[in-house]
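This report refers to the structure that appears directly beneath it.
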Amino acid sequence: MIEFKDVTKTFETKQGTVHAVQDVNLKIEDGHIYGIVGYSGAGKSTLIRMLNGLETPTEGSVSIDDVEISALGGSKLREQRQHIGMIFQHFNLLWSRTVLQNIMFPLEIAGKSKAEAKKQAEHLADLVGLAGREQAYPSELSGGQKQRVGIARALANDPQILLSDEATSALDPQTTDEVLDLLLDINKKLNLTIVLITHEMHVIRKIADHVAVMESGKIVEQGPVLDVFKRP
Ligand code: ADP
Ligand code: ADP
């Protein structure tokens with residue numbers, strides 16, 4: 001289970017103190033698809049960046065299965081990060097490498113042999129529907145296919161949690177639906193917890209079971225999607 005306890009994150013800037021996240025309390029159960037929705041600047045990215053230690057809370061704690069991420073550093077944090085996959089709006093692929101090489105990359109970083117990494121990457125390419133495209137370069141792929149590579153790469157180290165930062169925002173509606181169907185499928189097959197940030201209600205309605213609505217750094221509403229969206 002993921003738990004945010006009284007989490008506040010402020011940034012000191014030339015313009016003054018920015019309260020990116022304020023007094024957030026949030027529990028996310030294993031295997032759930034939890035949506036975090038809000039306008040640009042609401043604090044969504046800062047919130048999930050604290051989950052993989054890319055940001056540290058100014059106050060409060062962030063933990064996964066009672067391990068306090070916000071208190072880890074160095075090799076312990078790097079190890080923990082391997083159990084968290086992340087996908088992005090602009091895919092963040094390596095453009096000079098093939099589909100297979102992109103998926104192999106985190107496996108090689110984790111110390112797998114080339115042969116092992118290749119075998120695992122081929123399996124993942126198949127899982128995300130890219131069988132037959134392993135030797136293509138990202139520039140030869142459609143947006144949806146690029147995100148499939150991003151998803152396969154995120155799954156490479158067998159994570160417990162997948163973080164999605166506006167992963168479908170650069171895709172057209174039909175491709176968005178296809179990628180969301182893939183995420184649903186993976187959530188079920190791998191019992192993977194998915195935390196997804198989006199500014200699109202449609203995305204939440206389609207795949208999330210729970211949702212938190214953020215405004216100016218605060219969670220203004222949270223609960224099962226059906227309850228939150230039923231209210232007037
Ligand atoms: P969202 O993901 O909802 O668009 P962010 O978490 O990116 O929101 O940003 C929340 C607020 O924190 C914004 O006002 C943003 O400008 C500010 N912010 C985020 N990261 C930094 C940073 N590294 N330094 C200063 N301000 C930041
Ligand atoms: P989108 O269409 O979603 O904006 P792209 O796939 O075109 O995304 O590109 C995502 C990011 O990767 C952009 O920042 C772009 O500048 C960069 N990029 C795209 N193609 C290449 C390439 N062949 N080599 C290096 N960077 C690239």
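- For Asn102 (side chain) and Leu94 (main-chain N/O), a donor-acceptor pair under 3.5 Å exists by modelled atom type.
- Looking at every heavy atom in both residues, Ile103 comes nearest to Pro106 through O-CD, 3.3 Å.
- Annotation: side chain of Val225 is not in contact with side chain of Val228 (no heavy-atom distance under 4.5 Å).
- Ile48 is not connected to Ile87 by any chain of hydrophobic side-chain contacts under 4.5 Å among Ile, Leu, Val, Met, Phe, Trp and Tyr, and they are in different clusters.
- The same ILVMFWY cluster, assembled from side-chain heavy atoms under 4.5 Å apart, contains both Leu163 and Ile219.
- Between the CD atom in Gln82 and the CG atom in Leu77 there is a gap of 11.0 Å [rounded to 0.5 Å].
- The hydrophobic cluster analysis finds Met1 isolated: no Ile, Leu, Val, Met, Phe, Trp or Tyr side chain comes under 4.5 Å of it, directly or through other members.
- In this structure, the side chain of Arg49 does not engage the main chain of Glu55 through any donor-acceptor pair within 3.5 Å.
- Within the 3.5 Å criterion, the main-chain N or O of Gly38 finds a donor-acceptor partner in the side chain of Lys44.
- In this structure, Val18 and Thr10 have side chains that are not in contact, with every pair of non-hydrogen atoms separated by 4.5 Å or more.
- Inter-residue side-chain proximity for Pro57 and Thr8 is flagged as unmet; no heavy-atom pair is nearer than 4.5 Å.
- Linking ILVMFWY side-chain heavy atoms closer than 4.5 Å, directly or via other members, places Tyr34 and Met50 in a single hydrophobic cluster.
- For Glu178 and Gln174, the side-chain atoms include at least one donor-acceptor pair closer than 3.5 Å.
- For the pair Arg153 and Phe105, the cation-pi test (distance below 6.0 Å, angle within 45°) is failed.
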Using a 3.5 Å cut-off and no angle test, enumerate the donor-acceptor pairs between side-chain atoms of residues 190-201 and protein atoms at least two apart in sequence or in another chain.
from, atom 1, to, atom 2, distance (Å)
Thr193, OG1, Gly31, N, 2.9
Thr198, OG1, Glu200, N, 2.9
His199, ND1, Glu166, OE1, 3.0
His199, ND1, Glu166, OE2, 3.1

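- Summarising the geometry, atom CD belonging to Gln147 is positioned 7.0 Å from atom OG belonging to Ser164; distances are rounded to the nearest 0.5 Å.
- Shown here for Leu183 and Leu162, the closest heavy-atom pair between the two residues is CD2-CD2, 3.7 Å.
- Other residues, nucleotides and ligands contribute at most 12 non-hydrogen atoms within 6.0 Å of the CD atom of Glu79.
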Please set out all donor-acceptor pairs under 3.5 angstrom arising from side-chain atoms of residues 121-134, sequence neighbours excluded.
from, atom 1, to, atom 2, distance (Å)
Glu122, OE2, Lys118, NZ, 3.4
Arg133, NH2, Glu140, O, 3.3
Glu134, OE1, Gly132, N, 2.8

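- Residues Ile28 and Leu26 have side chains in contact (heavy-atom distance under 4.5 Å, counting atoms from C-beta outward).
- Between atom NE2 of residue His202 and atom CD1 of residue Ile207 there is a gap of 9.5 Å, rounded to the nearest 0.5 Å.
- Neither side chain, Asp158 nor His83, offers a donor N or O lying under 3.5 Å from an acceptor on the other.
- Leu182 is connected to Phe91 through a chain of hydrophobic side-chain contacts under 4.5 Å among Ile, Leu, Val, Met, Phe, Trp and Tyr, so both are in one cluster.
- Listed for the Thr98 side chain is no donor-acceptor partner under 3.5 Å among the backbone atoms of Tyr137.
- How far CD of Gln145 is from OG1 of Thr175: 9.5 Å, rounded to the nearest 0.5 Å.
- In this structure, the side chain of Thr46 does not engage the main chain of Ala20 through any donor-acceptor pair within 3.5 Å.
- Both Val179 and Val37 are part of a single hydrophobic cluster, where members link through side-chain heavy atoms under 4.5 Å apart.
- The closest side-chain donor-acceptor pair between Ser63 and Asp66, if any, does not fall under 3.5 angstrom.
- One distance of note links CG of Leu51 with CD1 of Ile64; it measures 5.0 Å at 0.5 Å rounding.
- Ion pairing between Asp181 and Lys206 holds under the 4.0 Å rule for side-chain N and carboxylate O.
- Between Lys5 atom NZ and Lys27 atom NZ the span is 7.5 Å, to the nearest 0.5 Å.
- In this structure a side-chain-to-backbone donor-acceptor pair under 3.5 Å is present from Ser70 to Val62.
- Formation of a donor-acceptor pair under 3.5 Å by the Asn25 side chain with backbone atoms of Asp6 is found in this model.
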